[in-house]
2 protein chains.
Amino acid sequence: MSDAEQTRQNILTVAADEIHQHGFKATSLSVILNRCEISKGALYYHFTSKIELGYAVFEEVYTPMFLNVWQTPLTVDDPIEGLCDFLTSMTEQMSCSEVVCGCPLNNLCEEMANVDEGFRLRILCMQEQLNQMIVDALERIRGDLRENLAFSQVGYFIVATLNGATSLSKSSRNKLLFQQVIAELCLYIRALKK
Amino acid sequence: MSDAEQTRQNILTVAADEIHQHGFKATSLSVILNRCEISKGALYYHFTSKIELGYAVFEEVYTPMFLNVWQTPLTVDDPIEGLCDFLTSMTEQMSCSEVVCGCPLNNLCEEMANVDEGFRLRILCMQEQLNQMIVDALERIRGDLRENLAFSQVGYFIVATLNGATSLSKSSRNKLLFQQVIAELCLYIRALKK
DNA sequence: ATAATAACCAACCGCTCGGTATGTTGCAAG
DNA sequence: CTTGCAACATACCGAGCGGTTGGTTATTAT
């Protein structure tokens, strides 16, 4: 990797972390510059504006991370148990920063979706992709599931509940409420089976 | 009501609307001053700082509004149907601004819970109150419900899912996803009965 | 040897923000 | 009649923000 590309990747990584911790608007470029030990000129050489940097972080850091994390549990033999194991292990592995900072995608959705159209469309696209992955997994085992299930509706329901659960852990500052919601969500998911 | 109290109430109302629309940090005091047609001196006569104004909005506007909205469907004869009717009517009555702006409590939770302890504790208290209302309603009809239900867990699950549903409507900018999640949530709630 | 370009750096700019210090007005008590 | 306080208004402050401008350096092509 060239020096320039290395610099760019470093900016993206640091910016992703800052945005995750403080949100997009509250993320200060000067903090990113300090952490990367570069000047403002360097940042504006690689990115034309703060918001373009935000878009790049979304597309090049958050999106691949997200798709990668969800793909494994959904492509396993039994996606129902895959999902439940995945969600349960989330509650165990959840670091302190994740309890406090929440999910990057959900955070950006809350903060930016109604302010900036560029962010909104990217977030929407990501949510639709995630939903489609769930739908695909459910359809793959539709024989094992109850009749009359609206797969897309179920998918969005699962995603919504998970987001709401991270929201609850922000205010309680511990995993307990999150774990409870996830436990109940797993009950719901397992009840999808016949 | 005295003139001074009138001024104070006016500030609270306008601030509540601004915070709902733009979040706490992005809410500008000067905008509030313009809308209220008062000076900065007037605002700082009634409130010692921006954050104290925020607390006052939470306690004197959001909290009573919230408790009032939830009490009705939960104290009805059949809280299961009360809840479902309540949620369904939300999807119908939902104004355009509510689709875009989301729930004030959830917004503040996402934005401020991990930044300011004063907000965090107030939000947590509100969430616990809401959960307790749901738990009380469920216990009142526990004879009609399935065995082995963890009422508190169910309460937080419902709240979490509702919050997640409003989040989804922010990115899609329409009611459709919200309606789907609520529809699935009602299926879940009705399935609590034997 | 020189010209051009990529990859930066340092200094500065206008703007908005929350907050403060001081000034003013009207009314009510003594 | 004046004193005093409640209820404001006006003007200003420093800090931090995103963004711009004008260099500077090292590498590469001619």
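Within every chain, numbering begins at 1; the chains are lettered A, B, ... in the order of the sequence lines, protein sequences first and strands thereafter.
- Atom CG in A/L33 sits about 11 Å away from atom C1' in C/dC9, given to the nearest Å.
- For the pair B/R122 and B/Y55, the cation-pi test (distance below 6.0 Å, angle within 45°) is passed.
- Residues B/R140 and B/D78 are not paired through a salt bridge, judged by the lack of any N-O separation under 4.0 Å between the basic side chain and the carboxylate.
- Residue B/S30 has a polar side-chain atom (N or O) positioned under 4.0 Å from OP1 or OP2 of C/dC17.
- Distance A/Q6 CD to C/dA6 C1': 17 Å, rounded to the nearest Å.
- The phosphate of D/dC8 has neither OP1 nor OP2 within less than 4.0 Å of any side-chain N or O from B/Y45.
- As a whole-Å value, the separation of B/L53 CG from C/dG18 P is 10 Å.
- A salt bridge between B/R190 and B/E81 is present, with a side-chain N of the basic residue lying under 4.0 Å from a carboxylate O of the acidic one.
- The side chain of B/K40 has C/dG19 as its nearest neighbour among C/dG19, C/dC9, D/dC8.
- Annotation for A/N174: atom CG counts as buried by contact number, over 12 foreign heavy atoms lying within 6.0 Å.
- Whole-Å rounding puts the A/R8 CZ to C/dC8 P distance at 12 Å.
- Per the geometry, CG belonging to A/N34 stands 12 Å off P belonging to D/dG16, to the nearest Å.
- If you measure from atom CZ of A/F47 to atom P of C/dA7, you get 13 Å, rounded to the nearest angstrom.
- Residue whose closest nucleotide on DNA chain D sits further toward the 5' end, between A/Y44 and B/A42: B/A42.
- At a cut-off of 3.5 angstrom, the base of D/dG19 holds no donor-acceptor pair with the side chain of A/K50.
- Atom pair B/L43:CG and D/dC8:P shows a separation of 11 Å (rounding to whole Å applied).
- A close approach under 4.0 Å does not occur between any side-chain nitrogen or oxygen of B/S28 and OP1 or OP2 of C/dT16.
- Taking side-chain N and O atoms only, A/S39 has no distance below 4.0 Å to OP1 or OP2 of C/dA10.
- Between A/H46 and C/dA6 there is no side-chain N or O to OP1 or OP2 distance below 4.0 Å.
- B/S2 comes within 4.0 angstrom of no nucleic acid atom, judged by non-hydrogen atoms across all strands.
- Scanning both residues, B/L74 and B/A137, for their nearest heavy atoms gives O-CB, 3.5 Å.
- When the P atom of C/dA7 is taken as reference, atom CG of A/N10 falls 16 Å away, rounded to whole Å.
- Among the atoms of the strands shown, none is found under 4.0 Å from any heavy atom of A/T48.
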